[in-house]
Amino acid sequence: MSEYQFRETEKKWQAYWEENQVFKAKDDFNQPKYYTLDMFPYPSGAGLHVGHPLGYIASDIVARYKKQQGFNVLHPMGFDSFGLPAEQYAIQTGQHPAITTEQNINRYIEQLKNIGFAYDWEREVRTSDPSFYKWTQWIFSLLFNSWYDLVDNRARHILVLEEHFEKTGNQLVKAASDEEIEHFSAEDWFNYSEEEKQEILLKYRIAYLSEAVVNWCPALGTVLSNDEVKDGYSERGGHPVERKKMMQWSMRISAFADRLLRGLEDLDWPEPVKEMQRNWIGKSVGAQLAFQLVDQEEKIEVFTTRIDTIYGVTFMVLAPEHELVEKITTTEQKQEVEAYVSIAKNRSERERMTEVKRVSGAFTGAYAIHPFTNEKIPVWIGDYVLAGYGTGAVMAVPSDDDRDKAFAEHFNLAIVEVVNEHEKIINSDFLTGLSIKDAQMKAIDFMKDKEIGYAKINYRMRDAIFSRQRYWGEPVPVYFKNDIPYLLEEDQLPLELPEVDKYLPTEDGEPPLARASNWKTNEGYELEKSTMPGWAGSSWYMFRYMDAHNNDAFVDEEKQQYWQNVDLYIGGSEHATGHLLYSRFWTKFLYDLGYVSVDEPFQKMINQGMIQGISEKLLRTKSRTNNIGVAGSKGVQLLDKEEFEFASLDIFSKEDLNGETPQLENYTYVYANINFVKNGVLDVPNFIKEFPEYQNAIFHTKGGYWQNGEYIKTVSDEKDFKTKSEVEKMSKSKYNVVNPDDVIEKYGADTLRLYEMFLGPLEQFKPWNTNGIDGTAKFLKKLWRLFHDTDGNFKVVDAEPDKKALKALHQAIQKAEYDIENFSFNTSVSTFMICVNTLTELKCNNKTVLSDLIRIIAPYAPHICEELWSLLGNEGSVSEGGWPTFNPDFIQEEEHTYPVSVNGKHRDNMTFALDAPKEEIEKAVLANPKVQKWIEDRPIKKMIIVPKKIVNIVV
RNA sequence: GCCGGGAUGGUGAAAUUGGUAGACACGCAAGACUUAAAAUCUUGUGAACAUUAGUUCGUGCGGGUUCAAGUCCCGCUCCUGGCACCA
């Protein structure tokens, strides 16, 4: 009997697809196109785990479905192959990151091919490949050579700006730029030296150099991200971290803020992701005004969204880093202020923002004049005010702002109520009695007249820092002449990563590229030593797939116009504010300069949920040597010959186990490799066989103990050694990674694909659990058997199909279409199961029915369907076999079984013809003895008959 | 703190527009085939009471709207994701 042989069959068809280039996207511009893309992975050393393919399978199903529907489908895969882990590994081992990255990619490709994805592998891209990053550098050059014109609200070439300067200076130009650019005339411009001109232009460029505050760790000689810093110390190594100003490349993304915000409206994206981007961009409409300091020249600029509460301002607060702090602090207050500033400065922004409840601050001794009342109000500093947002100073309105209020209460400052419970302004001179809105308008008019302030829109989004003091990233194609940055010529690109002796910063704190010998241009000018951040390559890669091997352009114009942008993008929502915002920014930029025809990269997006792992922990006595031994890890050598004892979880009472560590102080939790645990019970004999360091360890259970693989009974036969299971993110260090290869080895790729979809809605987070995988494996066997007789011979009959079979089939076709369009893949799998169950019951082996059936299942389980498709006598791939046409006639019902309820409670079912008149139904229902029993003698108040739905009698 | 998403059998889940809650699977139990096991097949499987029909309860908790609520409204609890003193 020939059972379905998934191993041979899957390999066979994977080879067929590759040899015949079945999923090659054609540059046939007359065919309708469909572009579906997965967020490309970072190729980590741990390999692909079962969480990765979830989204990939979903987009693969859509790709195959669209191909069957006649679309020219672009469904590529590539690798985001620059990144920190490879660099860390290189630092530890001295191995070049390019080598480990290449190895990891090869492993990923092998794993991906194993699952049978319909990728056009010819278009694969790698961001770390010089032929790719040549164009990343090229786009950087473009950004460097551009400025943002606020009049036409678009990016333009820098030459246009220079023309303006030559003609009229910078007075008439409205551009996004650094603050504080002095006005100059055309004549001034003419007289400036080359260096002076370049310095000015740099303040307008979209890619520009500026001082930025970073977390500098002198001991590590490197810059750390916010989450690598804890309490002012580096997370790794515990070295002190300073907030330091450094020259950094930045991207003027803030110029695009409003377009990025408005563009969201037309995108078919999950609402939460859009909302996150809106919050990130953080548009606020308000007013900017200045407070004159008493006895000083300077003014304090503030931005407020609540100018209507201006009469409630009783003090001001500056950020500790504010430039005026030093100037205005009085001698009496100096000591206190300096002490406060030095503490506050070195707390990371993240920390300052997290500790909401801890109010702290200091009085500067200075006073400002309230511009409306001319009263003197004190000026404080406090670390709840951030230097990076707005002007770095606030006018405090303790009556209407919680943080100001907490500050005022803590330091005993005045509070004046200015808004009453009816949302009307009170105690506010000429604003009293107005609504909030009217008061805002009137206050702004007042400020304009007196020239003390104006209406302003503020964005929370800051420019993005683009430099990284690292090795494994794209070199920035810039050299320095007299400290002025100049671009490399296009023919010098790609600027390839140099060889270095170590992947660490230099002794004097320069980035690793400074180690390269002769990191200079041919003319001897110094090249930029920092590299680009991880998001550089991923900000434009979606265009590269359209034309992956073009050496003359990042994408051919005509090809881009055909493929437009991504029709369906699938990936995790964790990229909501990073990658998804930056790639929108770059796309808008490229659009402005006419290099692409779309100003959004991803038209529709759906998020897939994370598949979590289940880790298993064992209670083990703590190590004497304080060595953190991990049970189940071969790599960890335990010192001495320690005799460990393990304790089954059920030995301890609930109270003992409360909290992370058991009350029994000698024990600690260690991770166990999940391969040795089944249903929360450890396989002790095999566990110690694999890990000889525990050969003599004692494993206590409720009834006795295990030693040397033997169970010794002391009390009872309760010999199960129980572990503690926990749902956590899949990770190598938790020993809970499930590799898709193992699942495929056991069940086949089709089963894995079906099962991952069957697990539940795509967007949902769920722990991986193979409990139900047999169900999908059985389903495929049943499908196979539909085409075969009991002896395993292929047997399909070419005849007029049975009506019932057609009905089952067309119900499935309808549902399959509906589900794919709605990305409800889990319900599709159920539908296929129902259909196959019905056809099995009907003993259907009709060729027409079965041909259609495998064409709708093919996107989900392509290998088995290819095999059956060819057994049916078809040439070529089922993916070229078209999509069956749904015919509503076949599922037309003539009658419907109505649930009959009395007072909303279901009592019986009755079947009526669809065209049965209401009166007839009414009569029949009332005549039903079961119904009568429930009505008793009570009068009927109402009778509700909803066609094809329900009958309800109200008494 | 703010903004999302969620809570349905022993488990994963379904219920598309307010209309038979638990489809489809897993697991479990019983049975068939088998020397036996695996595989396969059949039957049962929300809970409680009744054990024959049947009745009552049941979608996190408490209210409400409706002939009818998992679905809509109000108030809570818990889980989860994101953001972060945004002036």
Side-chain angles (χ1 to χ4, degrees), chain A residues 1 3 270-276 278-280 282-284 286 302-307 309 316-317 349-350 352-359 382-386 388-397 400-404 406-407 458-462 572-574 576-577 607 609-610 679 754-755 758-761 763-767 769-776 778-779 781-782 785 790 815 818-819 822 824 826-835 837 840 897-909 941-946 948-955:
Chain A
M1 174 156 168
E3 275 277 297
E271 200 48 47
V273 174
K274 288 197 197 180
E275 196 57 31
M276 274 182 237
R278 282 188 203 111
N279 290 339
W280 189 267
K283 180 177 185 170
S284 46
V302 296
F303 174 79
T304 177
T305 52
R306 291 296 305 276
I307 190 66
T309 62
M316 304 193 75
V317 187
E349 201 168 283
R350 174 89 52 109
R352 279 168 57 178
M353 293 188 283
T354 318
E355 291 167 29
V356 183
K357 274 152 211 146
R358 210 169 74 194
V359 177
D383 69 2
Y384 79 94
V385 179
L386 298 179
Y389 183 76
T391 61
V394 300
M395 53 172 234
V397 187
D400 285 270
D401 183 284
D402 291 341
R403 287 152 299 143
D404 293 345
F407 196 87
N458 233 24
Y459 294 96
R460 172 189 159 198
M461 184 165 67
R462 298 173 222 170
S573 57
E574 66 269 23
T577 48
N607 295 128
M610 190 194 296
N679 297 327
L754 276 173
Y755 184 60
F758 189 59
L759 221 44
E763 316 81 48
Q764 217 160 79
F765 281 60
K766 53 221 154 191
N769 175 339
T770 48
N771 283 348
I773 199 164
D774 280 341
T776 48
K778 274 188 212 166
F779 161 74
K781 286 184 193 162
K782 276 191 194 171
R785 257 181 264 129
T790 43
K815 179 87 173 123
Y818 179 90
D819 282 347
N822 290 282
S824 172
N826 54 325
T827 50
S828 276
V829 180
S830 303
T831 302
F832 300 148
M833 288 174 172
I834 293 168
C835 185
N837 287 346
T840 304
T897 301
Y898 287 84
V900 178
S901 305
V902 178
N903 280 348
K905 276 197 195 242
H906 177 223
R907 296 302 177 190
D908 200 10
N909 290 328
K941 265 197 212 158
K942 207 174 179 183
M943 184 120 173
I944 292 144
I945 300 171
V946 185
K948 281 187 90 174
K949 287 267 161 76
I950 198 172
V951 177
N952 190 14
I953 302 159
V954 189
V955 294

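All values below were derived from every heavy atom in this structure, side-chain atoms included, with hydrogens, water molecules and symmetry-related copies excluded. So you know, we letter chains A, B, ... as the sequences are listed, proteins then strands, and number each from 1.
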Sticking with atom [atom1], work out how far [N] lies from [M], rounded to a whole angstrom.
N	M	atom1	answer
G5(B)	U55(B)	P	40 Å
C2(B)	A69(B)	C1'	31 Å
G60(B)	U77(B)	C1'	8 Å
A50(B)	A38(B)	C1'	41 Å
U8(B)	G58(B)	C1'	10 Å
U42(B)	A47(B)	C1'	26 Å
U65(B)	A15(B)	P	29 Å
A7(B)	U71(B)	P	11 Å

Please list, chain by chain and in numerical order, all residues satisfying side chain to side chain donor-acceptor pair (under 3.5 Å) with Thr827(A), sequence neighbours excluded. Asp819(A), Ser824(A)

Compare all side-chain heavy atoms of [X] with those of [Y] and state whether any distance is below 4.5 angstrom.
X	Y	answer
Asn837(A)	Lys782(A)	yes
Tyr755(A)	Ile773(A)	yes
Asp401(A)	Arg306(A)	no
Ser284(A)	Phe303(A)	yes
Asn826(A)	Leu759(A)	no

How many angstroms lie between atom [atom1] of [X] and atom [atom2] of [Y], to the nearest 0.5 angstrom?
X	Y	atom1	atom2	result
Lys283(A)	Met461(A)	NZ	CE	12.0 Å
Ser901(A)	Ile950(A)	OG	CD1	4.0 Å
Phe758(A)	Ser828(A)	CZ	OG	11.5 Å
Lys815(A)	Phe832(A)	NZ	CZ	10.5 Å
Asn458(A)	Arg460(A)	CG	CZ	12.0 Å
Ile953(A)	Met943(A)	CD1	CE	4.5 Å

Rounded to the nearest Å, what distance is computed from the [atom1] atom of residue [X] to the [atom2] atom of nucleotide [N]?
X	N	atom1	atom2	answer
Asp819(A)	A15(B)	CG	C1'	13 Å
Tyr818(A)	A15(B)	OH	C1'	12 Å
Glu763(A)	A13(B)	CD	P	12 Å
Phe832(A)	A14(B)	CZ	P	16 Å
Arg462(A)	A87(B)	CZ	P	13 Å
Met461(A)	C83(B)	CE	P	16 Å
Arg460(A)	C3(B)	CZ	C1'	11 Å
Met395(A)	C86(B)	CE	P	15 Å

Look at Arg278(A) and C3(B) and indicate whether a side-chain polar atom (N or O) is within less than 4.0 Å of OP1 or OP2. no

Can you run through RNA chain B from 5' to 3' and write each base as (, ), [, ], | or . depending on how it pairs? Watson-Crick or G-U wobble, both distances under 3.5 Å. (((((((..(((......[....)))((((((.......))))))((((....))))..(((((..]....))))))))))))....

Using a 4.0 Å heavy-atom cut-off, does Pro761(A) contact any base of the nucleic acid, only the sugar-phosphate backbone, or nothing at all? sugar-phosphate

Residue pair Val273(A), Asn607(A): steps toward the side chain to side chain contact (heavy atoms under 4.5 Å, CB included) verdict: CA-CA 9 Å; Val273(A) 174; Asn607(A) 295 128; 3.2 Å; yes

Polar atom pairs (N or O), protein with nucleotides 77-82 of chain B, under 3.5 Å:
none

Just the table, please: protein N/O against nucleotides 22-28 of chain B N/O, every pair under 3.5 Å.
| residue | atom | partner | partner atom | Å |
| --- | --- | --- | --- | --- |
| A23(B) | N1 | Ser830(A) | OG | 3.4 |
| A25(B) | OP1 | Asn837(A) | ND2 | 2.4 |
| C26(B) | OP1 | Lys778(A) | NZ | 3.0 |
| C26(B) | O2' | Asn771(A) | O | 2.3 |

Tell me the closest heavy-atom pair linking Met395(A) and Val302(A), and the distance in Å. N-CG1, 3.8 Å

Please report the shortest heavy-atom distance between Gly382(A) and Val317(A), naming the atom on each side. N-CG1, 3.4 Å

Considering only side-chain heavy atoms of [X], which listed nucleotide, [options], is closest?
X	options	result
Glu275(A)	C3(B), A84(B), A87(B)	C3(B)
Lys815(A)	A13(B), U16(B), A87(B)	U16(B)
Ile950(A)	C86(B), G19(B), C41(B)	G19(B)

Under 3.5 Å between N/O atoms: give me all the protein pairs with nucleotides 66-68 of chain B, atom names plus distance.
| residue | atom | partner | partner atom | Å |
| --- | --- | --- | --- | --- |
| C67(B) | O2' | Asn952(A) | ND2 | 3.1 |
| C67(B) | O2 | Asn952(A) | ND2 | 2.6 |

Indicate syn or anti for G64(B), taking the glycosidic torsion and treating anything within 90° of 0 as syn. anti

What does the list of N/O pairs under 3.5 Å between the protein and nucleotides 55-59 of chain B look like, with a distance for each?
| residue | atom | partner | partner atom | Å |
| --- | --- | --- | --- | --- |
| U56(B) | OP2 | Arg907(A) | NH1 | 3.4 |
| C57(B) | OP2 | Lys905(A) | NZ | 3.0 |

Between Gln764(A) and Pro272(A), which residue's closest nucleotide on RNA chain B lies nearer the 5′ terminus? Pro272(A)

Does the Asp404(A) side chain pair with the main chain of Val397(A), one donor and one acceptor, at a distance under 3.5 Å? yes

